[in-house]
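Please read all numbers here as calculations on a predicted model, not as lab measurements. Labels below follow one simple rule: chain letters A, B, ... track the order of the sequence lines, proteins then strands, and each chain is numbered from 1.
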Amino acid sequence: MKTDFIPVDYDYFDFKGRNYIKIIGRDSKSKRICVIDSCPIYFWAILKDKIKQEKIKNIIKKIEKIKLDVKGRYTKVEKVEIHEKNFLGRKVKALKIFATNYKDLHDIADKLGMPEIEKRRGYDIGFITHYIIEKKINPLCSYEISGEVLNNSQDFGGIDMSLDVDICIKLESSKKIDNKKFTPSILSYDIETDELKLGEGEILMISLVSENFKKVITWKKTKEKKPTYVEYVKDESELIEKFIEYVKKISPDFLVGYFSDGFDLPYIKARAEKFNIKLSLGLDNSQPVFSRGINLTGKIKGIVHVDLLKFIRTAYAQYMKSETLSLNEVSKEFLGDTKKDFKIKHSSEIKSQDWNEYYEYNLHDSVLTINLFKKFWPDILEFTKTIQEPVYDVTRFGLSKYTESYILHNLEKFNEIPEKRPTYNEISFRKGIGGSKGAFVYEPNPGLYKKIAMFDFTSMHTSIILSHNLSKGTLLEKKEKDSYESPEIDIKGEKIRYYFSKEKGFFPELLKEIFKLRKKFKLEYKKNPDVVTYARSNAFKVLSASAHGYLAFFGARYYSHEASASVLAFVRKYNQDIIKKVGSAGYKVIFGDTDSVGFTLNNKSEKDVLNLLKKLNKELPEFMELELEDFYKRGIWVTTRSGTTGAKKKYALIDKNNKIKIRGFETVRRDWCKLARQIQNNIIKQILENGNEEESLDYFKEIIKKIKKRDINKEDLIIRTQLKKPLSEYKSITPHVIAAKKMQEKKIPISQGNLVEYYIAETRETKKLVRDKVKLPGEKGEYNIKYYLENQILPAVENIFQVFDVNIKEIIDGKKQTTLGDF
DNA sequence: GGTCCCTAGATACC
DNA sequence: ACAGGTATCTAGGGACC
């Protein structure tokens, strides 16, 4: 039969010793289809240069005889071909060695100890990735496929009968077609429990939300009238069974949770085990499979389990406003919606009339989760199509895997054999070398400036890679005629340069596509600024921006210390050149960090600035581009706390629409109390709007009075600090470690990654250390006036007022108000 | 017990 | 281990007096 087909989830199985791929997807009428397929299985043996034809024939004969009986499986080399290939851009002769089972490639490769074989490659890609590369049946793209329908067939051990799908097809041919509209069926879920430790408490309720479907399943009943979406069950075990029943009934393409890899799914699994319930969520009734290792991941066959938190962390976190990635904050930022206000208590302490609130709270978490998924769906789609890995992986990968997958799926265009993953020893070696010297940061002169312009390079590191063909494969051993030459790099006191070929390298070439998409989406966003274009623009900004990080990442297949060091040397050079040129064009440079330069216009016009920009761009190589970031009315730069130099990475700007941009100041740091942040924010705002400090000074004096009168809400004094390691690993016992210990004593859940909240209180004893004054928000106590004045408020405003020669410390101390004249 | 200097730790910028 | 380097700032920790 023939049908259209959109692949969603990929899996594989062995049948009679051979590997088969099993793709679950949909047709355009939303029928669920399972496609069974296979592909050639092989890896590469790269031959040393100048091996005689006769010798090669002998080697091939030898290799063809390799048979293995490992892991209870009989496998053999089925055929060997010789090919002209490229490896890291170099022309090589390579043997393509076909075998029975992908899992045995590594063992076969180990048997190839012949001295004529230089390298063995392509056995460590993973079967699903290998299949997608080989057959080009990419996730979430549309295909017209034809094949034999398996209907109660004994083929593959009767696989079609064990799968809950509409059609099961043994693939014969496929053709990529224009993308059909795919509206995935989504089910979000969330559980509420009495304990946070996996499986240690009872599951009280589970909420499920899908299109036109809202449900809270619970065995905790209220005496009040329950909402219609609440369904009662007898007990916890029936709750789990009901959950399975609904998942199977709705049978979504995506089962979505928030932190569900680390909590919801493993929790349900643990409780199901306790009650001897088979958690048969898979389309083949299999149970979720959890990865070993520190990072738990839960996989369900046929249904893509998505933990949205992971995707957001990789694809968005660094450009988000949210200070944490909690469901509440992320929902606020992306949906303008929040979690329901409900203070979670142990179920034994919940009164009958409060259960309705708890149900609603639980339900709403699933509502937020599904809405977030919908919000991010365009990005998941774009990433998946670009990276060409299954959604399950795309939503869990880190940045290095994004880049690497993109490369692996596109190597064939360059006739390239894939590089292998680094071994443990190689990783140790790479770590040993350490990193390279990074970007240049200009030291600003503190002050309040007017009429400022900012230029920055678009995707600077990536454009440098493209312009200078930098990569592992294009690196030359020595200088050649007409090669790219890096600026001088200082390596242990020795000045050296690296050289790169001008022949197109696959790595820079591949980056071009990402680079172009990034540009395109950025433009789209500028033309049509909405949440979707914004999100997409940001997503490709992330992908494009991580190219250099990939080169320098010790776990990367295409790691190159030389290329990375060269990128950074170019970054320094181009930025410093621009700073120089802007200066000699008659502007006063006040700022510069990595890829940007800020300067005052002096007597020049904005038109002059734009002309300068045009001129500077003409002098840049292809792909590199300097753009106007914006014009600003005013900007303020301060000294460092020690007061000796201008602080880098700390400044604030105001544009013509009075929009304020603050970088680095305490205002934007989540580990300062709200009070200090708000005061600083207000003062910065007033100063930038007014152009002087007068209003701020009055405001500040009022606030000081309030603090001294203890007229400040405790909520505004709470300090939040993340616990970045397990409590036992801290060498120095800081206030936030003490706060975490207190939480442990009080049995308040706290673990690595959580934010610790505390305030500094007055203590009877004259204890010196700050940590001795730490109290948890729930603990009774008075805030420590001295601490907040001297350690929170003063540091936040002191060097801002210093720009106007106002000594704020004397105001805090209650001494005479003073200006420079009194010094 | 106070001062000085250094390190650990968190968080920001790009 | 799961993109990179640069920078600021606090509080603790140890040496020294």
Novice: Counting the atoms with a prime plus P, OP1 and OP2 as sugar-phosphate, which does A:Gly549 contact under 4.0 Å by heavy atoms, base, sugar-phosphate, or nothing?
Specialist: base
Novice: Is there a donor and acceptor pair closer than 3.5 Å between the side chain of A:Gln318 and the base of C:dA3?
Specialist: yes
Novice: Quick one: is A:Lys650 getting a side-chain N or O under 4.0 Å of the C:dC9 phosphate, OP1 or OP2?
Specialist: yes
Novice: Which part of the nucleic acid, if any, lies within reach of A:Tyr402 when heavy atoms closer than 4.0 Å are counted: base, sugar-phosphate only, or nothing?
Specialist: nothing
Novice: Is the Lys NZ or Arg CZ of A:Lys541 less than 6.0 Å from the centre of A:Tyr319's six-membered ring, within 45° of the axis?
Specialist: yes
Novice: So A:His736, base contact, sugar-phosphate only, or nothing? Heavy-atom distance under 4.0 Å.
Specialist: sugar-phosphate
Novice: Could you tell me whether the phosphate oxygens of C:dC9, OP1 or OP2, come under 4.0 Å of any side-chain nitrogen or oxygen in A:Arg641?
Specialist: no
Novice: Using a heavy-atom cut-off of under 4.0 Å over every strand shown, decide if A:Ser564 touches base, sugar-phosphate, or nothing.
Specialist: nothing
Novice: Could you check A:Lys420, A:Arg557, A:Arg421 and say which one makes a salt bridge (Lys or Arg N to Asp or Glu O under 4.0 Å) with A:Glu426?
Specialist: A:Lys420
Novice: Ignoring the backbone of A:Lys731, work out which of B:dC14, B:dG9, C:dG4 is nearest its side chain.
Specialist: B:dG9
Novice: Using a 4.0 Å heavy-atom cut-off across all strands, classify A:Tyr730 as base, sugar-phosphate, or nothing.
Specialist: sugar-phosphate
Novice: A:Asp456 near the nucleic acid: base, sugar-phosphate alone, or nothing, with a heavy-atom cut-off under 4.0 Å?
Specialist: nothing
Novice: Would A:His548 and A:Thr462 count as having a side-chain donor-acceptor pair, cut-off 3.5 Å?
Specialist: no
Novice: Among B:dC13, C:dA1, C:dG13, which nucleotide has an atom closest to any side-chain atom of A:Ile733?
Specialist: C:dG13
Novice: Which of these nucleotides, C:dA1, B:dC13, B:dT11, is closest to any side-chain atom of A:Lys649?
Specialist: B:dC13
Novice: Would you classify A:Tyr787 as touching base, sugar-phosphate or nothing, given that sugar-phosphate means primed atoms plus P, OP1 and OP2, and contacts are heavy atoms under 4.0 Å?
Specialist: sugar-phosphate
Novice: Check whether the side chain of A:Arg669 and the base of B:dT11 form a donor-acceptor pair under 3.5 Å.
Specialist: yes
Novice: Could you tell me whether A:Phe591 contacts a base, only the sugar-phosphate backbone, or nothing, with contacts defined as non-hydrogen atoms closer than 4.0 Å?
Specialist: sugar-phosphate
Novice: A:Ile719 and side chain to side chain contact (heavy atoms under 4.5 Å, CB included): which single residue from A:Glu757, A:Gln792, A:Arg670 fits?
Specialist: A:Gln792
Novice: Can you name the nearest heavy-atom pair linking A:Glu419 to A:Lys472, along with the distance?
Specialist: OE2-NZ, 3.0 Å
Novice: Output yes when at least one side-chain N/O atom of A:Tyr651 is less than 4.0 Å from OP1 or OP2 of C:dT8, else no.
Specialist: no
Novice: Which is true for A:Leu769 with a 4.0 Å heavy-atom rule: it touches a base, it touches only sugar-phosphate, or it touches nothing?
Specialist: sugar-phosphate
Novice: What is the distance from CG of A:Asp772 to P of C:dT10, rounded to the nearest Å?
Specialist: 19 Å
